Amino acid sequence: MKTQKSIPTTKVERSAKFVKTGIQIGGNYIKHYSKKLFNPEMDREQLNEDNATDIYKSLSELKGSALKIAQMLSMDKNILPKSYVDKFTQSQYNAPPLSGPLIVRTFTKNFGKTPEQIYDNFNLTSSNAASIGQVHQAMLNGKKLAVKIQYPGVGDSISSDLKLVKPFAFRLLGMSERELSIYIKEVEERLLEETDYELEVRRSVEFSEACKNLSHVVFPKYYPELSGKRIITMDWIEGLHLKEFLQTNPSQELRNKIGQALWDFYNFQQHELRAVHADPHPGNFMITPDENLGVIDFGCIKELPDDFYHPFFSLISTDVINDKNKTIDAFRKLDMIHADDSPEQIEFYYKSYREMISLFAKPYTSSTFDFSKPDFFEQLYMYGEKISKMPEFKQARGVKHFIYVNRTNFGLYTILHELKATVKTDTFKPHVGLEQI
């Protein structure tokens, strides 16, 4: 893959990139409607393909929060047309990597030394390039290491980038202005944390220690003394990403084993730690040669406060959902039903959200769940498509915590579906009692 020799880092440079992309998209629309004059039956497939290509190319060159948004959107099969999902999925595994001189400059700026002065051996060609940074392989004292290097200017450009992304997101998602602002604010907070590599190292050590007794889940060792604000050094974990793993045609037994490890990893965190690894895209996991799940990135952590955790998980793990008054009370606490809603609106949102929660909670309502069956996912996608077209859902509803909690759980469901795994879902249960609801 061709390397990238520079990244636009100033507001002016990055704004110019967005303006250029906007002009290209405008041109795509003109081209589409010109053709449609001669062929009224023509659909939007080619238009979506052209727009997706232009937007992804721009975001991948900008890196950082702009590309991270694409990565997040690619995980939600409901939100975008297939052309965008297919194109944006590339950001889960590989974006254009930075050139060697830029990497050396980053090390010199952070450590006052080149990579060769720090490690016995350092490969200037990256092994993996994603949205916030890229990974290089190194050797030190006979040990193979993974060195994650943050792209220049990523942390400083988050707020301005998100303002620039907003018009694209507004058009693609069809959200109201207020809803999009709530979404963008929560995303901004998490992204600022993701660019703080010193925080990531501390969290990585804490979470890997807290989760060390989970079966078939392994973590790299982290080296704070070889890490800094823009660089993280950890052990190299050998293994295959999910896509590569599935190409080996693994047995159903092994699929179930990896799926169980993934389910336990997430639900242990949600219910025992009340904070969760909130970036469940396949690029953050490896399946090791000894059939374990390797977790290689703790950059995005979402904490679950009591005033969200108790009402939300009471709806999916107790009989609260069968009591209309208690369900409406939980919906109020979660800002899904508002104080000024009319009786008709309360009834509408009660029925709609009850259907949504009941569907989402299916894996939790029995001791085991088969994620290979397409029916469950078809129902989820159909419901998502249905509400996306309803004007009642164009206004902001639900507390901000839903953004990352939904992303986490639907991301988990999607990976388990790709694995076609059957898992025991009662290994770590929510800690909610009626007195806490």
Side-chain angles (χ1 to χ4, degrees), residues 71 74-75 77 85-86 89-90 92-94 127-128 130 135 137 144 146 204 207-221 234-273 276-298 360 362-378 380-381 407-429:
Q71 184 190 89
S74 73
M75 292 164 59
K77 308 293 191 291
V85 173
D86 291 345
T89 297
Q90 293 179 34
Q92 294 182 8
Y93 295 98
N94 269 306
S127 305
N128 182 275
V135 177
Q137 195 176 100
K144 192 185 286 188
S204 300
F207 273 75
S208 53
E209 179 64 24
C211 298
K212 68 180 181 183
N213 293 324
L214 292 174
S215 297
H216 308 300
V217 185
V218 295
F219 310 94
K221 180 182 177 183
M234 66 190 96
D235 284 342
W236 182 273
I237 288 190
E238 299 288 354
L240 301 174
H241 287 300
L242 181 68
K243 199 173 180 181
E244 302 165 321
F245 171 69
L246 292 175
Q247 287 171 351
T248 68
N249 194 27
S251 67
Q252 187 60 50
E253 182 184 10
L254 180 51
R255 289 169 181 265
N256 292 347
K257 180 180 175 181
I258 297 300
Q260 189 67 56
L262 194 66
W263 178 270
D264 289 348
F265 172 67
Y266 272 99
N267 280 279
F268 173 77
Q269 290 173 85
Q270 286 190 132
H271 306 310
E272 303 300 325
L273 305 181
V276 66
H277 177 291
D279 198 4
H281 75 76
N284 282 340
F285 303 101
M286 308 287 285
I287 291 84
T288 66
D290 52 354
E291 301 182 352
N292 288 319
L293 177 75
V295 184
I296 56 174
D297 191 312
F298 279 99
F360 168 82
K362 279 189 175 181
Y364 286 88
T365 55
S366 59
S367 57
T368 62
F369 193 80
D370 182 356
F371 283 91
S372 71
K373 293 183 178 176
D375 301 8
F376 172 63
F377 291 89
E378 284 170 8
L380 279 176
Y381 297 149
R407 178 195 182 204
T408 297
N409 283 283
F410 284 118
L412 170 63
Y413 287 5
T414 300
I415 296 177
L416 291 170
H417 181 49
E418 289 180 26
L419 280 167
K420 294 182 168 55
T422 298
V423 302
K424 294 178 182 176
T425 53
D426 61 356
T427 46
F428 296 100
K429 294 182 178 180

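No experiment lies behind these values; they were computed from the predicted model shown.
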Within a strict 4.5 Å, meaning less than it, do heavy atoms of the L262 and I258 side chains meet?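 They are not in side-chain contact.
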Would you say that H216 contacts E291 through its side chain, given a criterion of any heavy-atom pair below 4.5 Å between the two side chains?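 Counting from C-beta outward, H216 and E291 never come under 4.5 Å.
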- Query: What about F219 and F207, are their ring centers closer than 6.0 Å?
  - Reply: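 Between F207 and F219, which both carry aromatic rings, the centre distance is not below 6.0 Å.
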Could you tell me which non-hydrogen atom of [X] sits nearest to which non-hydrogen atom of [Y], and how far apart they are?
| X | Y | answer |
| --- | --- | --- |
| A146 | V135 | CB-CG1, 4.0 Å |
| K144 | E238 | NZ-OE2, 2.7 Å |
| R255 | P250 | NE-O, 3.4 Å |
| M286 | I237 | CE-O, 4.0 Å |
| P282 | H241 | O-ND1, 3.8 Å |
| P220 | M234 | CG-SD, 3.8 Å |

Atom [atom1] in [X], atom [atom2] in [Y]: separation rounded to 0.5 Å?
| X | Y | atom1 | atom2 | value |
| --- | --- | --- | --- | --- |
| T368 | Q260 | OG1 | CD | 9.5 Å |
| D375 | L380 | CG | CG | 11.0 Å |
| I287 | L419 | CD1 | CG | 6.5 Å |
| S251 | L254 | OG | CG | 5.0 Å |
| T427 | H271 | OG1 | NE2 | 9.0 Å |
| L416 | T422 | CG | OG1 | 10.0 Å |

Quick one: does [X]'s side chain have a donor or acceptor within less than 3.5 Å of a partner on [Y]'s backbone?
| X | Y | value |
| --- | --- | --- |
| T288 | G294 | no |
| H281 | G283 | yes |
| N284 | D279 | yes |
| Q270 | V276 | no |

What orientation do [X] and [Y] show, parallel under 30°, tilted 30 to 60°, or perpendicular over 60°?
| X | Y | answer |
| --- | --- | --- |
| W263 | F371 | tilted |
| F285 | Y266 | perpendicular |
| H277 | F298 | perpendicular |
| F428 | F268 | perpendicular |

| request: With side-chain contact (heavy atoms from CB on, under 4.5 Å) as the test, would you mind laying out the steps for T408 and L412 before giving the verdict? | output: CA-CA 6 Å; T408 297; L412 170 63; 5.6 Å; no
Next on the checklist: Between S208 and V295, does the side-chain contact (heavy atoms from CB on, under 4.5 Å) criterion hold? Intermediate values first, please.
Outcome noted: CA-CA 9 Å; S208 53; V295 184; over 6 Å; no
Using ring pair (Phe, Tyr, Trp, His ring centres under 6.0 Å), reason through F410 and F360 one step at a time and then give a plain yes or no.
CA-CA 9 Å; F410 284 118; F360 168 82; 5.5 Å; yes
Apply side-chain contact (heavy atoms from CB on, under 4.5 Å) to residues Q269 and F265 and explain how you reach the verdict.
CA-CA 7 Å; Q269 290 173 85; F265 172 67; 3.2 Å; yes
Original post:
Just checking, any donor-acceptor pair under 3.5 angstrom between side chains of N256 and Q252?
Top reply: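 Yes, because at least one side-chain N or O of N256 sits under 3.5 Å from a partner of the opposite role on Q252.
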What pairs with E272 under salt bridge (Lys or Arg N to Asp or Glu O under 4.0 Å), at least two apart in sequence or on another chain?
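Here no residue qualifies.
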